[in-house]
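Working notes, structure below.
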Amino acid sequence: MNGSALRILARREVRDALSDWRIALPMAVLTLFLPLLARAAAVFAIRFLNEPGFAEKLIPFMLLLVGFVPSSFSLIPALETFVGERERNTLESLLSAPVDDRQLYLGKFIAGLAPPLLSSLMAMITFALSIKATVNTDISSVLTPLVFIAVVALVAVKAMAMVSAAVVVSSRTTSIRSANLLASFIIIPMSLLVQIEALLLIGNPPRPWTVALIGVGLFVATLAFLGWGMRSFSREAVLAREHRPLLRAGLRSISRRAIGRRPATALSTVIDREVRDTLSDWRILLPILILALILPLVMLAAAIYAVEATGTPNDIARLVPFGMLLVGFLPSSFSLITALESFVGEKERGTLESLLSMPLSDWELYLGKLAAALMTPLLSGLLAMLIFISGLLVAAPPILAVQVQPATIIAMTALLIIISATMVSGAVVISSHTSNIRVANLLASFILLPMSVLIQMIALFVIAERWEVIGIIGLLILCIGAILFNTGMRSFNREEILSREHEQLNLRAIVATFKAFFREYGPVTQPPELRRRSFSLHRAYTEELSHMLRDLRIPLLLVIVGVVVSIAFGIVYDREHETRIMQALVPVQHIGSVPRGSPFLAAAIFLSNFWKIFWAGLLSALTFGAFAYMIPLFAFAAVAHGATWSAAHGKALGAPGFLLAYVLPHGILELPAAILAAAAGLRLGLAAATTPPGISVGRHILWALALYIRLLLLVVGPLLLLAALIEGLITPQVAALVYR
């Protein structure tokens, strides 16, 4: 076999993949940011639950999740190995390369495997290093080299399996849309396998050897599948393959009879049209029916087997509510494809102009598309959940059936509806702002992957039976869905959709626009080319700072309202005994101790506070401001709870003593800085949802980012530095006087 030919093919594919910003940007986000988010979530969950041995179970699971998510997203380039060449009209030149079929196929496989393996390995290394840097030795000591190597091997096997299957799909389909639809038969079984491995890792007792056996079996199956793909690949068959619809006419007639003949209103006209198209496409119907009808039965059989085969039926029973949500989430997440095609699919099929020429207002057209896109995922998810619940009541052992309570069914159903509506709202926004289906599918990872991570976190809280936390997560998802819905309605314009063409990312223009916004602060409507050419520190403090604060008045008001609520929460929540969440925020057992002041302590405090606020602000751009918003809320809740606890337990001067010793000396600078940073982070997070008319979303985000960086450097940073000097040098002296 010619090794140089393989290297040339692999290098060509990897270069093409990494040069596409729509692939490289999400991979960079998942590689760099996801591990830090997972580390923060893991540390908080360990401290929050405070269960012996929980870290040993959670850390390997989170490492597995951190590695699996980037590899699953990187499945997209592998799906385009052959069918993408067809749509870009480069297939003939590729297949005419002077290599045999096996070399060509293996080169494509290696090229598809390299990015996910590299991304996953970097993400897991980042997570491991961040865990090792954790002050808590009980957490950092869990991640041993043996555990790390074992999880890396599991992720590598999964990446090989997914890429080998994706290359087969790509070589046997005629369009990227078909490849993405069939990819559900790859990613969903692999996600279920991760769920099974998670249960084995966090179960009581953990079963790492069973997980290892699963990995070995998957590796053997992957090698067999890869060998079959190489033997059956033929470039002549790839060139000759054409698209052939299956049973389209029959399904179309069925859809007409099922839906009816004539819609009554303008809104129902759009809905009727969309549902007919969905029901007439077998590539959408077949996977949905399999997931909605067969998956619940498989999950039910797996649950019954787990109860009978394991010695921990109670642990399996505690997962029944999560099973309800999972069997509904998987069909609804797959049905997201129909929402992604709501507008961009019309453009690629050449039907967009006739759609937009309908005598409907913009809001009627958008709302009709949104409602039609929501029907398929929601109904398929609810049907799957109904089948699973019915099976539990009819065929499951009593220990499982007893978990099916009306309150649980209502809670999981409401959560599924909220998650489905949020995903569809985001998908329709993406569809109305992209130029082709490939871009839409790539950007959809920013919806599906965060939701998948949230589902994983919900599983942990279901196991811990922390229903109040699950309720809070549901409310947060509902708020995000409302923001996405508002963003879509405000930004939808049929003229812009018709005139939108594919645009390459111009990094030089983005940097130039950001520099212009940073040099001189002004309204976003002021063109960057009309701003001043130099930055002036005097002008920034004397003229522009007041305008910056005025533009932040609404986010500041929202943060202050949240601070007031968090103070009340810290005062009244569980005053009689310590709760886990408050123990995570306020280690009250250390109240009365006096830290040793030093310049090194001041430097450590400043770097820690500045680092947290900086990254919380940047991550707010991906979380609608949630990360930045939570920092002052947690801080003020901790202060209120610490003061209340000191007063209740007679510590020195009570609440005044606690505030004087630990808060007031440096808090008069640090807490206002946190409020300002949260307001700027909230403004950045909501930039996409509050874009003024006539301004692009990207330009508004750059303007909000420049505002955040300016405020961080000009105001928040200096305040944090002064507060750290006081906390490191003066606060210990004050605490010594109070608690001597």
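What you see is a predicted model; the values in this text were computed from it and never measured. Numbering starts at 1 and runs along the sequence shown.
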Tell me, with the steps shown, if Leu63 and Val155 meet side-chain contact (heavy atoms from CB on, under 4.5 Å).
CA-CA 10 Å; Leu63 181 63; Val155 172; over 6 Å; no
Mind checking whether [X] and [Y] have side chains closer than 4.5 Å, heavy atoms only?
X: Arg683; Y: Trp703; result: yes
X: Phe518; Y: Leu713; result: yes
X: Leu707; Y: Leu684; result: no
X: Leu415; Y: Ile473; result: no
X: Leu676; Y: Leu549; result: yes
X: Leu556; Y: Leu682; result: no

Show your reasoning for whether side-chain contact (heavy atoms from CB on, under 4.5 Å) applies to Val564 and Phe636.
CA-CA 8 Å; Val564 173; Phe636 277 94; over 6 Å; no
Any side-chain to backbone donor/acceptor pair from His666 onto Ile726? Under 3.5 Å, distance only.
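Pair absent, no side-chain N/O of His666 close to backbone of Ile726.
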Using modelled atom types only, decide if a donor and an acceptor are shared between the side chain of Ser608 and the backbone of Ile605 within a distance under 3.5 Å.
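Pair absent, no side-chain N/O of Ser608 close to backbone of Ile605.
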Would you name the heavy atoms of [X] and [Y] that are closest together and state the gap between them?
X: Pro555; Y: Ala679; answer: CB-O, 3.4 Å
X: Val559; Y: Pro632; answer: CG1-CG, 4.0 Å
X: Leu478; Y: Ile418; answer: N-CG2, 3.6 Å
X: Gly681; Y: Ala628; answer: CA-CB, 3.8 Å
X: Pro672; Y: Gly667; answer: CD-O, 3.4 Å
X: Phe606; Y: Gly717; answer: CE1-O, 3.7 Å

Starting at [atom1] of [X], measure out to [atom2] of [Y] and round the result to the nearest 0.5 Å.
X: Ile613; Y: Leu712; atom1: CD1; atom2: CG; value: 7.5 Å
X: Glu727; Y: Leu720; atom1: CD; atom2: CG; value: 10.5 Å
X: Leu669; Y: Leu725; atom1: CG; atom2: CG; value: 10.0 Å
X: Glu544; Y: Glu520; atom1: CD; atom2: CD; value: 6.0 Å
X: Leu714; Y: Met548; atom1: CG; atom2: CE; value: 6.0 Å
X: Leu484; Y: Thr422; atom1: CG; atom2: OG1; value: 7.0 Å

What's the verdict on side-chain contact (heavy atoms from CB on, under 4.5 Å) for Leu711 and Leu552, showing C-alpha distance, side-chain angles and the deciding distance?
CA-CA 11 Å; Leu711 194 68; Leu552 288 175; 3.8 Å; yes
Using 30° and 60° as the class boundaries, would you call the ring planes of Trp615 and Trp611 parallel, tilted or perpendicular?
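Perpendicular, since the angle between the ring planes exceeds 60°.
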For atom CD1 of Ile668, decide whether the heavy atoms of other residues, nucleotides or ligands shown that lie under 6.0 angstrom number more than 12.
yes
